[in-house]
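Hydrogens, waters and symmetry mates are skipped; everything else that's a heavy atom, side chains included, is used.
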Amino acid sequence: MAATSPPEPSSSVEYLDDNNQPRPRRQSRSFDSNGAMLSRKALRRSQKVTEMLLALHRRQSLALLDEPEGEEEFDQVDPHGPTTVNQEDEPEFDLAEVEQLLQEMTTVVPQGERQDPTRYRTSSTMVDTLSHVTASNAKLSNAVLTWEHPVHNILIIKKRGDANVAEWFGSIAQYLVEQHPNVSVFFPPRLFREDVDALKSSKAYTGLFRKLHTWEASRSFVEVAQELAFDLVVCLGGDGTLLHMASLFQSEVPPVMCFALGSLGFLTTFDVQTYQSSLEQVLDGGLPVTIRMRLVCKVDHVKSKMSVSRASKQDALLKEFGLVTANAVAEYHVLNELIVDRGPSPYLTQLDVWIDDEYVTCVQGDGLIVATPTGSTAYSAAAGGSMVHPSVPCVLLTPVCPHNVTSRPIVVPAAARIKLSVPVDARSEAFAAFDGRNRQRLRRGESISITSSRWPVPCITQSRSEWFQGLHNCLGWNQRHLQQPFQPSATSTASASPSTSRGTSQIDMLSSRPPPLSATPP
């Protein structure tokens with residue numbers, strides 16, 4: 001009977017635990033020169049490349065030695081001592097294979113995504129990508145208006161129901177028609193019904209409307225914007241006029257020039273008193289442009305479980321009292337913010353917040369504001385949110401009167417995918433408003449998805465510091481009398497000039513724009 005050797009111990013176990021059960025051996029780990037952990041496969045690749053490079057070095061050394069033909073062995077100096085290398089034992093290699101292995105070593109693919117073409121690069125490549133993104137953001141922050149072709153079509157949008165603004169509209173339109181005959185000036189057909197009678201009463205504007213252009217009121221503005229391809233939009237009014245203009249363009253937005261004819265004028269930077277020189281500067285190009293990001297809000301409605309008659313009665317009542325908008329759509333591009341509140345309900349709004357398909361929190365209070373950097377100085381600032389420069393790509397989540405003492409506003413990246421949903425067990429429904437318009441009811445189980453829009457709003461400005469000046473002039477940001485300096489001695493106090501008085505506030509150091517409401521038409 002042949003003797004059998006005892007089985008070799010398994011290499012997968014090394015120790016026994018307290019219950020005499022095999023304990024798995026810990027996998028060995030290796031690290032590269034940067035401290036990053038290498039997998040077994042990456043380690044084998046590294047060893048193979050090292051062997052190939054050593055073989056290449058040896059063959060190059062052999063060619064330099066110029067040994068006589070037929071000799072198979074040669075001595076090579078090695079830091080660890082002399083060794084004898086046989087050429088027949090050298091591994092076969094190819095330079096293309098070495099390059100391929102080096103490329104694979106610099107590409108790390110996560111476990112479970114070996115077939116995914118999306119790969120995670122090394123730290124050096126990520127640093128290069130971050131530098132590229134930073135440079136791209138810097139270019140957007142320093143954007144300048146440049147016309148690729150002469151301006152042909154200009155759209156003028158004015159504030160509704162204001163006779164003063166209507167007269168300024170006539171002055172600006174007449175100037176464009178007379179000074180730039182190759183430019184076609186358009187106005188919305190709603191203006192004709194509201195203010196044409198008042199303008200016709202003036203002898204100066206009798207023949208003005210014969211030189212202007214409009215379109216049929218029954219046509220969709222999206223269709224008109226695609227057909228006419230406006231080169232420039234001129235807004236006459238306040239911040240609400242700009243928001244109204246942005247709601248009309250639900251796709252690509254042309255450059256926007258805003259004249260301050262409203263009450264606040266935080267987003268309207270041009271003085272209407274100097275409209276002639278301002279228009280010429282814009283038409284010549286070269287002025288700074290602020291790229292203001294927008295959000296895409298998609299409403300996901302679900303079929304109501306209540307009877308059709310009862311649901312229709314509720315919708316009719318809500319529309320009658322102006323709590324919801326008739327003929328609402330499921331997708332909006334907002335410039336300021338999305339607001340989800342409790343509406344007329346006496347109960348708290350309960351909203352589940354998801355970011356990048358991960359559950360984040362449940363907001364309980366009067367509502368939640370999802371704002372852009374442009375909207376950070378509006379309702380979000382009134383609710384305690386941070387004020388963010390419009391060139392910063394981010395999204396703000398600001399709760400409205402949360403029913404706890406620990407809730408705080410947060411800022412997430414602009415690339416985040418946000419979802420707000422009303423739980424099915426919530427006590428009440430919610431209501432959503434998009435830039436303060438188009439209110440919709442969110443029933444239990446319905447949700448809104450928010451992402452960054454690919455169509456921002458390019459606003460023409462006069463200087464890069466207008467945002468900070470607006471914080472001071474319009475919102476009174478950081479206004480305080482300056483602290484008086486120490487008086488070292490009576491001599492220096494007597495020699496001090498009276499003009500060095502510190503009784504002025506910080507806002508006096510900034511150039512202020514004239515009040516918009518003081519402007520009177522020529």
Side-chain angles (χ1 to χ4, degrees), residues 145-238 241-242 244-249 252-262 268-285 287 289 457-460 519 521-522:
L145 178 64
T146 303
W147 299 108
E148 298 180 353
H149 57 79
V151 177
H152 296 298
N153 297 334
I154 297 180
L155 174 64
I156 301 181
I157 297 178
K158 61 170 289 294
K159 181 181 180 181
R160 300 177 55 184
D162 194 321
N164 184 36
V165 178
E167 294 186 12
W168 278 111
F169 165 81
S171 301
I172 294 176
Q174 187 173 11
Y175 175 80
L176 290 173
V177 170
E178 294 178 353
Q179 300 297 325
H180 300 274
N182 296 327
V183 174
S184 299
V185 180
F186 290 83
F187 64 92
R190 181 182 303 174
L191 175 66
F192 184 82
R193 297 195 301 265
E194 292 178 351
D195 301 320
V196 70
D197 294 335
L199 293 176
K200 279 185 176 181
S201 62
S202 176
K203 296 180 180 180
Y205 307 128
T206 302
L208 174 62
F209 280 90
R210 298 178 182 177
K211 303 177 183 179
L212 302 182
H213 306 272
T214 187
W215 57 89
E216 296 180 0
S218 59
R219 296 186 60 185
S220 171
F221 183 82
V222 177
E223 177 185 353
V224 172
Q226 294 178 354
E227 177 183 346
L228 299 179
F230 299 110
D231 299 313
L232 176 67
V233 178
V234 177
C235 289
L236 306 178
T241 307
L242 176 61
H244 170 64
M245 184 280 307
S247 66
L248 295 178
F249 290 90
E252 185 177 0
V253 184
V256 183
M257 180 183 185
C258 300
F259 286 100
L261 285 170
T268 54
T269 59
F270 287 91
D271 181 17
V272 72
Q273 296 284 359
T274 59
Y275 71 90
Q276 298 180 359
S277 59
S278 300
L279 285 172
E280 295 301 329
Q281 291 179 358
V282 170
L283 295 178
D284 293 339
L287 291 180
V289 177
V457 178
C459 294
I460 306 173

Which pair of non-hydrogen atoms, one from [X] and one from [Y], has the smallest distance, and what is that distance?
| X | Y | value |
| --- | --- | --- |
| Pro189 | Thr214 | N-OG1, 3.4 Å |
| Val282 | Leu145 | O-CD2, 3.6 Å |
| Pro188 | Ile156 | CD-O, 3.3 Å |
| Phe187 | Trp215 | O-CZ3, 3.8 Å |
| Asp231 | His149 | OD1-CE1, 3.2 Å |
| Ala225 | Phe249 | CB-CE2, 4.1 Å |

Does the side chain of [X] reach to within under 4.5 Å of the side chain of [Y], using non-hydrogen atoms?
| X | Y | value |
| --- | --- | --- |
| Leu283 | His180 | yes |
| Val183 | Leu232 | no |
| Ile157 | Leu248 | yes |
| Thr268 | Cys235 | no |
| Asp271 | Ser278 | no |

Distance (rounded to the nearest 0.5 Å) between [X] [atom1] and [Y] [atom2]:
| X | Y | atom1 | atom2 | value |
| --- | --- | --- | --- | --- |
| Ser171 | Gln276 | OG | CD | 9.0 Å |
| Leu212 | Phe169 | CG | CZ | 5.5 Å |
| Ser247 | Leu242 | OG | CG | 10.0 Å |
| Glu280 | Tyr275 | CD | OH | 11.0 Å |
| Gln281 | Met257 | CD | CE | 8.0 Å |

* Structure fact -> Which of Leu279, Ile154, Val177 passes side-chain contact (heavy atoms from CB on, under 4.5 Å) with Ile172? Answer is Leu279

* To do: Check the pair Phe270, Leu287 against side chain to side chain contact (heavy atoms under 4.5 Å, CB included), reporting the backbone distance first and the verdict last.
  => CA-CA 12 Å; Phe270 287 91; Leu287 291 180; 4.2 Å; yes

* Does CD belonging to Glu252 count more than 12 external heavy atoms closer than 6.0 Å? -> no

* To do: Please check if atom CD in Glu178 has more than 12 non-hydrogen atoms from other residues, nucleotides or ligands closer than 6.0 Å.
  => yes

* Asked: For Leu261 and Lys158, what are the C-alpha separation, side-chain angles and deciding distance, and is it a side chain to side chain contact (heavy atoms under 4.5 Å, CB included)?
  -> CA-CA 9 Å; Leu261 285 170; Lys158 61 170 289 294; over 6 Å; no

* Can you label the angle between the Phe230 ring and the Phe186 ring as parallel, tilted or perpendicular, going by 30° and 60°? => perpendicular

* To do: Verify side chain to side chain contact (heavy atoms under 4.5 Å, CB included) between Phe259 and Gln273, making sure each step is shown before the conclusion.
  => CA-CA 9 Å; Phe259 286 100; Gln273 296 284 359; over 6 Å; no

* **Intermediate values then yes/no, side chain to side chain contact (heavy atoms under 4.5 Å, CB included), Lys159 and Trp168** => CA-CA 11 Å; Lys159 181 181 180 181; Trp168 278 111; over 6 Å; no

